[in-house]
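Structure record follows, encoded as structure tokens.
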Amino acid sequence: MEQRILQIVLDTPLDRTFDYRWRRQGDEALPQIGQLAIVPFGRREVAGLIIGLAEQTEVPDGKLKDVLAVRSQLAPLPPQWLALCGFAADYYQRPLGEVALPGLPKNLRTLTTTALDRALKKLAKLDAGHDGNPVNTPQLKPEQQEAVDAIADARGFAPLLLYGVTGSGKTEVYLQAAARILAQHEAAGEVAQVLVLVPEINLTPQLESNIRARFPGVHVVSLHSGLAEGERTLSWLAAHQGQARIVLGTRLAILSSLPHLKLIVIDEEHDPSYKQQEGLRYSARDLAVWRAHQLAIPVVLGSATPSLETWQHAQAGRYRKLQLRERAVRDAVLPKVKMIDMERDRPNDGLTSTLVAALKLRLERGEQSLLFLNRRGYAPVLNCDACGWISNCMRCTSFMVLHKPERRLRCHHCSLELYIPKACPTCGNVDLQPLGRGTQRVEEGLQAMFPEARILRIDADSTRLKGSAQNAFDSVHRGEVDILIGTQMVAKGHDFKRLTLVGVMNPDTALFSHDYRASERLFAQLMQVAGRAGRAGQKEGGSPSEVLIQSRYPHHPLYGAVAAHDYDGFATQLLEERQQAALPPFLYQALLRAEAAELDVALAFLQDAATCLEHPGITINDPIPMTMTRVANVERAQLLIECPSRPALQAFLRDWMEVLRQTKTRAKWSLEVDPVDI
DNA sequence: AGCACGCCGACT
DNA sequence: GTCGGCGTGCTC
């Protein structure tokens, strides 16, 4: 009987292949590299990826097991996809199996194939409905046309920064460039696929319906973590089989199989949610650029406030910069940004008289206002004046946040919840005071101030239930809300037509953060939230929309740049500072984290790690406890590694990981390459 | 990472 | 007498 040895990688931290025996059953075809197999592993049955075939193995006969099934009904994952996973595995120092397998739909990874077969059958019926002619194509402004031409006429690898403020028509550029590329390939009798990455699921329904309306008859699918398993299987398979011509997805979509990929678009490329923050900590943006390079295709990075990494590439000429200076929406003008000096105009309930007057004016005119405060809950701390007790979390190095409607103290880090104490736990004082303010407290203050106004709060707490975020946004769009108060959830994507005032309540904390990236993020966030107003331009009455920023430091240069809508100046300045301080993007970093029940265990591991290997050219800093040392009763510490050369850092990390994997420690540890929160 | 085996404390 | 705590060892 014919047999082969299959070399298979599995989703396990063991960084090697496992050999299995395959024996031909009936007229079964020979397994191929890139196919999935279900195998017995220990006492479990798991899915594996076939990465090699051999006649023989070193594994002794007693250990060698038979493959349970090969997923031969599925086309093998293409070599370009295997190469992508291989690159990510090397770059982020993870076993290939941990990169390649977890992203595959669960229905492909089980022994039973009923769900998979059903999905395949459904897709087989759908076969090729596409006349790719887009409809309702708006006339482009000259700059937009130039950008579309640059993307669609690009040959080979072409990274392009599409730089333009909210309302400058970036989405239209993506759509028309995608249409051109699909049409070019169709004319040549080839299949083409376009991948559009967006930061969050929240934004996807709106853009998705726009794309579907624009491309009737073209198979469009979306891929994000909110999909049910069945849907995810269908979307993933449609992409893998080349049926889906446009794939719209969040960061996880970058690891999907797209055999005919011809264009990648990354919308809001600066957005932090492109960085996966657990497990394989990859940057979807960086992988997208790598993938475009590998496939020799264009990749469009769109933003009003590009990441400094991207900005530097553009300044150095490595990325082509396509700028949209005009706002494309008719009559649109940029909102007026004004600073309110909180030292002169002292806030009441968090609101200065200037901001209150502006809100009042909008209420009188029947226009909408948005208050932006990036802090949920009622108050960040509960405090006893009498003895100084504060609401520390007993499991974390943090405060428990007061949530008034829920009548709880809640830790935002470990989710511990307690009833709000009636009296101080240490001295019995019944007069406990909330310190500071979150969205709930602002909502309460507004209700007292404007009893007739329709006020809606949108944050992670008010939108816990599935669909409630959509409902909330819909009711704002229908004009059922006068004042909207929200966290960063409201800053993205949604274009509120009746909104003429944006108030920013207290952005100052980010100005003096120890995280050097805080100001970059603040600028982007302010520009983004400012973009919620004035998008439809001159509203009735003729005055443009207004953005009011309350601050104790109204003359800080960052605010000056925001008010002038001057990202160029801000970014140039920031890049200069980064270069002088030898910080990214002029330096590459990796972070070794360790956690244990006792801090000393974590620190000792890091100390050993710091000295266990020669490291010429690599800077290894001292191990330090993390800012938030304890989370859920686990103590955490970290070690920062720096190097001006990326290849040198990569080479060191490879050797280092090999040594570390053999060290015995009670600490749990992990490595992050290109960390963003340090 | 799972998952089992294995050897010592408080409980239906 | 058992249920169950987490140390350590293995996974083709």
Side-chain angles (χ1 to χ4, degrees), chain A residues 1-25 30-71 82 85 88-90 92-106 108-111 225 252 255 276-282 395 592-602 604-605 608-609 631-636 657-673:
Chain A
M1 196 196 289
E2 194 180 357
Q3 77 164 47
R4 287 287 190 288
I5 300 302
L6 305 186
Q7 296 160 339
I8 289 179
V9 291
L10 303 166
D11 178 12
T12 146
L14 305 166
D15 191 7
R16 56 190 150 96
T17 60
F18 291 86
D19 289 353
Y20 286 87
R21 191 195 297 113
W22 172 85
R23 284 192 261 229
R24 192 189 293 279
Q25 321 248 318
L30 198 66
Q32 297 173 54
I33 289 173
Q35 275 180 330
L36 298 173
I38 311 297
V39 296
F41 187 60
R43 269 141 276 248
R44 296 177 293 154
E45 283 167 8
V46 297
L49 177 69
I50 302 171
I51 61 159
L53 274 79
E55 300 289 336
Q56 278 162 44
T57 174
E58 316 251 286
V59 176
D61 226 39
K63 276 193 167 184
L64 193 67
K65 292 182 182 172
D66 281 5
V67 165
L68 298 172
V70 175
R71 286 283 154 269
L82 294 173
C85 292
D90 277 356
Y92 294 109
Q93 305 293 332
R94 289 298 202 114
L96 178 58
E98 280 195 349
V99 176
L101 289 153
L104 302 173
K106 284 212 177 60
L108 275 62
R109 293 187 278 146
T110 53
L111 196 53
S225 58
L252 58 85
L255 286 170
Q276 168 85 40
Q277 286 296 19
E278 52 195 30
L280 176 73
R281 294 177 169 242
Y282 63 93
R395 305 196 298 189
L592 185 66
R593 300 172 203 272
E595 56 179 56
E598 308 92 44
L599 185 60
D600 286 349
V601 173
F605 165 77
D608 287 348
V631 169
N633 283 333
V634 176
E635 306 278 346
R636 308 157 341 137
M657 287 302 105
E658 207 160 301
V659 177
L660 290 188
R661 270 195 271 266
Q662 281 153 34
T663 61
K664 284 209 117 193
T665 173
R666 277 156 57 215
K668 212 176 119 190
W669 59 272
S670 63
L671 181 79
E672 178 168 4
V673 180

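Labels below follow one simple rule: chain letters A, B, ... track the order of the sequence lines, proteins then strands, and each chain is numbered from 1.
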Report the C-alpha distance between A:I5 and A:W22 in whole Å, list the side-chain angles of each, state the deciding distance to 0.1 Å, and finish with yes or no for side chain to side chain contact (heavy atoms under 4.5 Å, CB included).
CA-CA 6 Å; A:I5 300 302; A:W22 172 85; over 6 Å; no

Hey, mind stepping through A:L49 and A:I33 against side chain to side chain contact (heavy atoms under 4.5 Å, CB included) and telling me if it holds?
CA-CA 8 Å; A:L49 177 69; A:I33 289 173; over 6 Å; no

Determine, stepwise, if the pair A:L111 / A:L68 fulfils side chain to side chain contact (heavy atoms under 4.5 Å, CB included).
CA-CA 8 Å; A:L111 196 53; A:L68 298 172; 4.0 Å; yes

Step by step, would you call A:R593 with A:E672 a salt bridge (charged side-chain N to carboxylate O under 4.0 Å, His left out)?
CA-CA 8 Å; A:R593 300 172 203 272; A:E672 178 168 4; 2.3 Å; yes

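A salt bridge does not link A:E595 to A:R636: none of the charged side-chain nitrogens sits closer than 4.0 Å to a carboxylate oxygen.
C:dC6 atom P lies 13 Å from atom CZ of A:R666, rounded to whole Å.
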Within the sub-3.5 Å range, which N or O atoms of nucleotides 8-12 of chain C have a protein N or O partner, and how far apart are they?
residue: C:dT11; atom: OP1; partner: A:K63; partner atom: NZ; Å: 3.1
residue: C:dT11; atom: O3'; partner: A:G42; partner atom: N; Å: 3.1
residue: C:dC12; atom: OP1; partner: A:Y20; partner atom: OH; Å: 3.2
residue: C:dC12; atom: OP1; partner: A:P40; partner atom: O; Å: 3.1
residue: C:dC12; atom: OP2; partner: A:K65; partner atom: NZ; Å: 2.4
residue: C:dC12; atom: O3'; partner: A:D19; partner atom: O; Å: 2.7
residue: C:dC12; atom: O3'; partner: A:K65; partner atom: N; Å: 2.9
residue: C:dC12; atom: O2; partner: A:D19; partner atom: N; Å: 2.9
residue: C:dC12; atom: N4; partner: A:R16; partner atom: NH1; Å: 3.2

